[in-house]
Number of protein chains: 2
Amino acid sequence: MIRDADATRQRLLDAALAEFAEHGIAGARVDRIAAQANSNKAQIYHYFGGKAQLFDAVYGSIVRRLVESTPIDVHDLPGYAAKLARMYDVHPEVMRLAVWHRLEPGEPEVNALAVEATGRKVDLIAQAQADGLLPKRFPPAVLLGLVLHLAATWTEANPEFPGELPDAEARYEYVAEAVRRLIDLP
Amino acid sequence: MIRDADATRQRLLDAALAEFAEHGIAGARVDRIAAQANSNKAQIYHYFGGKAQLFDAVYGSIVRRLVESTPIDVHDLPGYAAKLARMYDVHPEVMRLAVWHRLEPGEPEVNALAVEATGRKVDLIAQAQADGLLPKRFPPAVLLGLVLHLAATWTEANPEFPGELPDAEARYEYVAEAVRRLIDLP
DNA sequence: GTTTGTCAACTAACCGGTTGGAAGATAGTC
DNA sequence: GACTATCTTCCAACCGGTTAGTTGACAAAC
């Protein structure tokens, strides 16, 4: 057998992402993660310290990927929202992980990177408003909240929702259109 | 001791609502529910059959309450959204329960009452569009989805969000304003 | 006396976390 | 290149505590 600590660590992270996205923290099973990663339970405690810390590691890597891959574009908020909406559709585990992280008790610790990235986005919007690129109807943080939340519309859709929704690409376009109307574009 | 089956049932339902909203299905503890209800674990199995069925009972009662208490008003969608937003703030357990119901695996069963209520709302919007009361830019189901989702903006806000958000009443008004702009109102 | 509601105690299974040591890699020595 | 001491990576088996679900007997109501 090949021995490679980094590879094992990564396999554990990948397996943990799938398991946590599917079952949350309380519902995730450490044994399942170890088995899925073709590894052993003891490795998890060796590499990460425990179940909760493993979740933090997974969540941190997701946040980092998200922050790096989808920078905000204050000149094209509708396009930004549509891009986010597509990303949520293609990678449903991202939103699931974020929602678990928010719901599960005993995890009030906010991710520092996420806070910093959000703060920077608010500043960019405020600057764009000062420059007259965006209307001042909504305070910067409110506008960002609305845009980010609209991008997640179809991801968060309850299963009760009727099957009459249009296909994916059309849904992204409707999100973009909604954002467009928030900021007065024609 | 007074013996009252209905009262015991109700106490169990109330305790279960709090427990499930806080911890979800996997994280909820049957013993805690029984203790909180000043009852006994065996009663839960006697009255509801099991943990999962108890959750279904709780979820069903919440959906019923929600459907009955907040009927849609197609003549005032902004006001409807603001009302919903306020309700989500006052009763956070409603949204938490709904989110958990969506996330937890092995629960793909949709609530029949919720589906029916949503379908009726879509029909009302379609009629209002046909009557010229609402613009036809968005298909009925899409418009409903956007409005319902916007109403939940601040409930779903990630904890990473900066503390620069305005107070509750102002937030509801921003939700109403966003909806207003979706449907062309001044 | 029968039905109905209540509960403490039980159990079988499960789960997160630990341990001790086996197996592979590494580097120094001759 | 062979030998070996040492370190790193890996894992099967185990442990203590917890959990959902069961049971059987007791007590109140009618």
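Bear in mind that the values here come from a model prediction, so they are computed numbers and not experimental data. Values below: every heavy atom of this structure, side chains too, minus hydrogens, waters and symmetry copies. Per chain, numbering begins at 1; letters A, B, ... match sequence-line order.
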Next on the checklist: Any side-chain N or O of B:T8 below 4.0 angstrom from OP1/OP2 of C:dG5?
Outcome noted: no
Next on the checklist: Tell me every residue that passes side chain to side chain donor-acceptor pair (under 3.5 Å) with B:R32, counting only those two or more places apart in sequence or in another chain.
Outcome noted: B:E19
Item to check | Mutual orientation of the aromatic rings belonging to A:H149 and B:H149 [parallel < 30°, tilted 30-60°, perpendicular > 60°] | outcome: parallel
N/O donor to acceptor pairs below 3.5 angstrom from side-chain atoms of residues 41-53 of chain A, sequence neighbours left out:
| from | atom 1 | to | atom 2 | distance (Å) |
| --- | --- | --- | --- | --- |
| A:K51 | NZ | A:I25 | O | 2.7 |
| A:K51 | NZ | A:A28 | O | 2.9 |

Checklist entry - Just how far, in rounded Å, is C1' of C:dC7 from CZ of B:R11? => result 13 Å
Checklist entry - In whole Å, what is the span from the CD1 atom of B:I44 to the P atom of C:dG5? => result 16 Å
Next on the checklist: According to a hydrophobic-cluster definition based on side-chain heavy atoms being under 4.5 Å apart (Ile, Leu, Val, Met, Phe, Trp, Tyr only), do A:Y172 and A:I183 belong together?
Outcome noted: no
Checklist outcome for this item: note: A:I33, atom CD1; D:dC10, atom C1'; distance rounded to Å ~ 18 Å
Checklist entry - Would you say B:V142 and A:R171 make side-chain contact, with heavy atoms under 4.5 Å? => result no
Item to check | Five-pair end axes of the helix from C:dG1-D:dC30 to C:dC30-D:dG1 and the angle they enclose, rounded to 10° | outcome: 0°
Item to check | Interatomic distance where CZ belongs to B:F48 and P belongs to C:dG5 [whole Å] | outcome: 13 Å
Item to check | Presence of A:Y47 side-chain N/O under 4.0 Å of D:dC11 phosphate oxygens OP1/OP2 | outcome: no
Please report, to 0.1 Å, the donor-acceptor pairs under 3.5 Å made by any side chain of residues 117-138 of chain B, with sequence neighbours excluded.
| from | atom 1 | to | atom 2 | distance (Å) |
| --- | --- | --- | --- | --- |
| B:T118 | OG1 | B:A114 | O | 2.7 |
| B:R120 | NH1 | B:E116 | OE2 | 2.8 |
| B:Q127 | NE2 | B:D131 | OD1 | 3.1 |
| B:Q129 | NE2 | B:P135 | O | 2.9 |
| B:Q129 | NE2 | B:F138 | O | 2.8 |
| B:R137 | NE | A:E177 | OE2 | 3.4 |
| B:R137 | NH1 | B:L182 | O | 3.3 |
| B:R137 | NH2 | B:D184 | OD1 | 3.0 |
| B:R137 | NH2 | B:D184 | OD2 | 2.9 |

Checklist entry - Heavy-atom distance under 4.5 Å between the side chains of B:K83 and B:Y80, does that happen here? => result no
Checklist entry - How long is the line joining CG of A:N38 and C1' of D:dC11, in whole Å? => result 13 Å
Checklist entry - Roughly, in whole Å, what's the span from CG in A:L54 to P in C:dG17? => result 10 Å
Next on the checklist: Within the structure provided, determine whether B:H101 and B:F55 are in side-chain contact (heavy-atom separation under 4.5 Å).
Outcome noted: yes
Checklist entry - If the sugar-phosphate is the primed atoms plus P, OP1 and OP2 and the base is the rest, what is the B/S/- string for nucleotides 19-25 of chain D, using protein heavy atoms under 4.0 Å? => result SBBBB--
Checklist entry - Who are the side chain to side chain donor-acceptor pair (under 3.5 Å) partners of B:Y174, not counting sequence neighbours? => result none
Item to check | Atom pair distance, as rounded to whole Å: NE2 in A:H46 and P in D:dC7 | outcome: 14 Å
